[in-house]
Amino acid sequence: MESIVIGVAGGTGSGKSTFTNRLKDAFGDAVAVLYHDNYYRRHDEIPFEERKEMNYDHPDALETDLLVYHLKKLKKGEAVDCPVYDYSLHNRSDKHIHVEPKKIILVEGILLLADPRVRELLDIKIFVEADADERILRRIVRDVKERGRDLDNIVQQYLTTVKPMHYLYVEPTKATADIIINSGMNNVAFDMVRSKIQLLLEK
């Protein structure tokens, strides 16, 4: 059994995680989920204050080689141990998430479609887009509530790296997507993708 890999990409705060998690909740253990964010490179050699200022929105910030390796293993029916990223430390943690191969693998990330090696492994490519104002507001709320960030740091990071990198590396990948949806809470799009997954699981 070779797995079907579905990629969900889109800018920060677009709703891609919401869309991915809704699919995960709908199918439970019938699907496996990988998050590209967990593949941010480890930087133990860089002090915390300097790590806070790094550009995390450039493709080089991610160890995509490892993600590609893990996706290939999962597609061949082999389990993997995915890294775990700690947002409060701006660094990869020592923990791992054991992921068993499933018929359906969901993989989500801002820069997911920016790497041709990843695109080749995706059977279905979804891009979630949203208005820029909505995206920054969602990011502020999420980073303050869930990641313990302060407002000044969020704003500085958004203006210096997130926004320019979005237009340079994220927005252009929309053209490579099979499906473009305008919200993670778009119920019509969700029902369509859920129905497609259900059909694939029943084959």
Transitively linked via ILVMFWY side-chain contacts under 4.5 Å: [X] with [Y]?
X	Y	value
Ile180	Met192	no
Ile97	Val107	yes
Val162	Val144	yes

**OP:** Please step through side-chain contact (heavy atoms from CB on, under 4.5 Å) for the pair Leu168 and His58, ending with a clear verdict.
**Re:** CA-CA 9 Å; Leu168 193 59; His58 189 284; 6.0 Å; no
Any side-chain heavy atom of [X] sitting closer than 4.5 Å to one from [Y]?
X	Y	value
Val5	Leu71	yes
Lys76	Glu2	no
Leu137	Val141	no
Tyr85	Ser93	no
Leu34	Leu74	yes
Leu111	Val118	no
Arg92	Tyr40	no
Ile46	Met54	yes

Original post:
Do Asp37 and Tyr87 have side-chain atoms, one donor and one acceptor, less than 3.5 Å apart?
Top reply: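 Judged by distance alone, the side chains do pair up.
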Original post:
Just by distance, with hydrogens left out, do His70 and Tyr39 show a side-chain donor and acceptor under 3.5 Å apart?
Top reply: yes
For the backbone of [Y] and the side chain of [X], can you confirm whether one donor and one acceptor N or O come within less than 3.5 Å of each other?
X	Y	answer
Asn21	Ser17	yes
Arg119	Leu113	yes
Arg22	Gly184	yes
Ser3	Lys102	yes
Lys24	Ala32	no
Asp178	Lys125	yes
Asn91	Arg42	no
His43	Glu45	no

Subject >> His90/Phe48 under side-chain contact (heavy atoms from CB on, under 4.5 Å): CA gap, chis, key distance, verdict >> reply: CA-CA 7 Å; His90 295 274; Phe48 175 73; 3.6 Å; yes
**OP:** Count the heavy atoms of every other residue, nucleotide or ligand shown that sit under 6.0 Å from NZ of Lys72, and state whether that count exceeds 12.
**Re:** no
Subject >> Exceeds 12 heavy-atom contacts within 6.0 angstrom, atom CG of Asp29 >> reply: no
Is [X] salt-bridged to [Y], going by a charged N under 4.0 Å from an acidic O?
X	Y	answer
Glu120	Arg117	no
Arg51	Asp44	no
Asp86	Lys95	no

At what distance, to the nearest 0.5 angstrom, does [atom1] of [X] lie from [atom2] of [Y]?
X	Y	atom1	atom2	result
Lys16	Leu112	NZ	CG	10.0 Å
Tyr158	Asp57	OH	CG	10.0 Å
Thr12	Gln157	OG1	CD	8.5 Å
Arg149	Asp143	CZ	CG	5.0 Å
Leu67	Cys82	CG	SG	8.0 Å

**OP:** Using salt bridge (charged side-chain N to carboxylate O under 4.0 Å, His left out) as the criterion, list what pairs up with Asp191, not counting sequence neighbours.
**Re:**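 Asp191 satisfies salt bridge (charged side-chain N to carboxylate O under 4.0 Å, His left out) with Arg194 only.
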Original post:
Using links of under 4.5 Å between side-chain heavy atoms of ILVMFWY residues, direct or through other members, which residues join Phe19 in one cluster?
Top reply: Ile4, Ile6, Val8, Leu23, Phe27, Val31, Val33, Tyr35, Ile104, Leu106, Ile124, Ile126, Val128, Ile179, Ile181, Phe190, Val193, Ile197, Leu200, Leu201
**OP:** Check the pair Lys52, Asn153 against side-chain contact (heavy atoms from CB on, under 4.5 Å), reporting the backbone distance first and the verdict last.
**Re:** CA-CA 8 Å; Lys52 284 170 63 176; Asn153 176 253; 4.2 Å; yes
**OP:** Walk me through it: do Lys75 and Asp123 pass the test salt bridge (charged side-chain N to carboxylate O under 4.0 Å, His left out)?
**Re:** CA-CA 11 Å; Lys75 287 194 82 159; Asp123 299 286; 3.6 Å; yes
